[in-house]
Structure formats: C-alpha cells, structure tokens
There are 2 protein chains.
Amino acid sequence: MAKSPSRNPPITEHLAYLLAQANREINRQLEARLRDEGVPVEQWRILKVLSDRKGHSMGELADAVLLNHPTLTKMIDRMVSDALVYRVQDPDDRRKVLMYSSDRGKALTERLNTLAMNQEAHIAKSYGDKATADLKRLLESLIDSAT
Amino acid sequence: MAKSPSRNPPITEHLAYLLAQANREINRQLEARLRDEGVPVEQWRILKVLSDRKGHSMGELADAVLLNHPTLTKMIDRMVSDALVYRVQDPDDRRKVLMYSSDRGKALTERLNTLAMNQEAHIAKSYGDKATADLKRLLESLIDSAT
DNA sequence: TTGAAAATATTGAATATTCAAGAATTGATG
DNA sequence: CATCAATTCTTGAATATTCAATATTTTCAA
C-alpha cells in the first residue's frame, strides 16, 4: 500500500510553520533596515496607517497593525512621549480616542517608507518579480479564506 | 503620466505585512485547536522535533522551533516540570545539553499531531489543495532565498 | 601543553506583552 | 427617562521575552 502523501509530515512541512519561519526572516530583515531610524516595525505600521491624515480610533489601529489593545495603548504612550503621534477625543463618541500623526511623525514616516521600499525592492530582486506577486496574491486569498 | 505600480503602497500591500497577517491568523487557529491539550504552539513544535527520538541540543532546538536561546531554556524548564521532556548532558561535548521526549511527551505529541493535522486538512479544504501546495512551495523558496 | 578564544547553555535584570478588571460613555429596553 | 448591557480604552498585576553577563567546556595556536 502506497504511503499517503501528508500523513504526519515533519514540522517543516506544516503551513503554520512555513508561515512563521518566513515571517520571522522577513521581519528580521525589515527590523534591521528600520534600525537606522531606531523604530520598531510596529511603530512603522502605526505611522503608515496614520499617514492618511484621518483620525483612527485605538480599536481600528489595533486591528490594522496586528496588536491587541493594551499593547497598542502602551506603544502609543511611548510614541506620544516621542512626539510622533497625538491623541484627540472623538467628539462624536467620547469613548473613542482618535490618533493622528504629528509633523515629526509624518517626516519620520517618509524616511521609513524609503527604507521599507528598499526592502521590498531587494526581495523582488533576489526572489523574482513573479514569485513575489504570486506569493502576495496567495497570502491575500489565504487571509480572506481564513478570517 | 501613469501611476507607477508599487510606488509607496499602503501597508496592506507590503509582503512583510501580508506575512505577519497570515501568520497571525493561522497561528491563532492552531492555538485554538491545541488549547484542547493546554499546550502553546511552541511546545508542540519542540515535541514534534524531538519525536525523532534522537537527542537535540538546545542550540539545534532553538533554531528549529524559532525561539532564541534564553526563551527556549525557560520554556524547556516548564516542560521538564511537566515531565514532557528531559535533559541529558552530551557525553561527546559536555557544553551541550541533549533534549529528549519522555513517554508522557510522546503520548501528548501523538494527540497534538492529530489536532494539527485537522487544521491542515481544514485549511486545504477551504483554501484549496492547489493553492495550499503553491503557497507552501513559494514560502519554502522565499525562505531559501532570504537566508 | 598551556593559555586565549570560541562555543554552548543558563541566569538575572530590564523590558514588553497579556489577562483580567475597571472607568467612562453610549445604546437599548422597559 | 432610568437602568442595564455593550462598547471603548486604559491600568495594574502576572507572565513572558530579551539583552547582557556568567559559567563551563572545547578548540586551537603558540
């Protein structure tokens, strides 16, 4: 009897493991680039989301940047200390806090965008344009089908 | 003038972000399944690596399960308390500690394998066999090209 | 063979994250 | 309109992770 193909595969063949491994490696590389500005990846995501200049509530932000609420609150506290972002109470719903990027935050965001785009370019170069596009498409549809 | 395609894309189009998002979602689902046995994902990975019954040094393990050394040491401490694994000093190189799975650990590993394979099957079903296979292949080659 | 450098694992202090609870506001229902 | 439930954000305690330093053993060169 032939062996069934995915009967108890090694850890390295599990999708969850491959995702974790790829994520760790790419994140580590991005981190290394952002280190020039001394900013953690999560702060870059926050600044990037806020760069549309609309106010975003903490809940929205937490979803968008993949952090839970208390972690986001404390990270925002640090960014407020660094004068990168500021809080405004939402006049329409005073439970909410709307976050905005400061001028300093906006200037930093532009420098970070350059660094992040350097990484994307580097990946596209060594990994190939087609593979990169295919991978992005597959990841998007995985996320759609999984949520 | 036509807009250049990937000039300063939104965060949701960055490969690093898509990977983080997909990883978080799949990891969360796996976590939910493993919760039946009260075991964190990292411990499942450790047990799975140790299921080849060969001794693995802490360094090897740390690489394999994507944890850094001090974090692994402390997680192993907990697993030793739970009698899932045990330490043996490597007789050939006494700087090293070789880790082995206990009988209890092996029995747990089998139950966890079932849970993890349920998840893989569930993903393959909702996401499609071909997409799953394609995604795995692309992730493997990304990891190769990135490391 | 001896001493310095490298490799391996652990520890402790500093830092960060998470969980559970709390405060403030809004919505909804009788 | 009064009250109770739901939503939003923050806080504090418990837990986990990380960084730097340490101890031990091995390797290698002089």
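In what follows, chains are A, B, ... by sequence order, proteins preceding strands, each numbered from 1. This structure is a prediction, so every number in the text was calculated from the model and none was measured.
Proximity of A:Val41 to B:Tyr17: side-chain heavy atoms (C-beta onward) are nowhere separated by under 4.5 Å. When side chains are defined from C-beta on, B:Thr109 does not count as touching B:Leu50, because their heavy atoms never get closer than 4.5 Å. Contact annotation: the side chain of B:Leu108 never approaches that of B:Trp44 to less than 4.5 Å [non-hydrogen atoms, C-beta and beyond].
Between the P atom of D:dT15 and the CD atom of B:Gln43 lies a distance of 15 Å, rounded to the nearest Å. Spacing between atom CE of B:Met79 and atom P of D:dA16 amounts to 14 Å, rounded to whole angstrom units. Rounded to an integer number of Å, the gap from CZ of B:Arg94 to C1' of C:dT10 is 17 Å. At whole-Å resolution of the value, CG in B:Asn27 and P in C:dT18 are 12 Å apart. Taking atom CZ of B:Arg35 as the reference point, atom C1' of C:dC19 lies 13 Å away to the nearest angstrom. Here C:dT10 presents its P atom at 11 Å from CG of B:Leu61, a figure rounded to the nearest Å. Put simply, CG on B:Leu66 is 15 Å from C1' on D:dT17, counting in whole angstrom units. If you measure from atom CG of A:Asn68 to atom C1' of D:dT15, you get 14 Å, rounded to the nearest angstrom.
In this structure, A:Glu37 places its CD atom where more than 12 heavy-atom neighbours from other residues, nucleotides or ligands lie under 6.0 Å away.
Nucleotides of DNA chain C nearest to A:Glu42 and A:Asp92 differ in position, and the one nearer the 5' end is that of A:Glu42.
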Point to revise | Derivation of the side chain to side chain contact (heavy atoms under 4.5 Å, CB included) call for B:Glu60 and B:Met99 | key: CA-CA 10 Å; B:Glu60 267 175 45; B:Met99 298 303 312; over 6 Å; no
Check your understanding: Going through the checks in order, is the side chain to side chain contact (heavy atoms under 4.5 Å, CB included) test met by A:Val80 and A:Ile76?
Key -> CA-CA 6 Å; A:Val80 169; A:Ile76 289 289; 4.0 Å; yes
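Proximity of B:Arg78 to the phosphate of D:dT17: a side-chain N or O atom is located under 4.0 Å from OP1 or OP2.
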Exercise for review: Let me have a per-nucleotide readout for nucleotides 3-12 of chain D, 5' to 3', with B, S or -, counting only protein heavy atoms under 4.0 Å.
Suggested key: ----BSSBBB
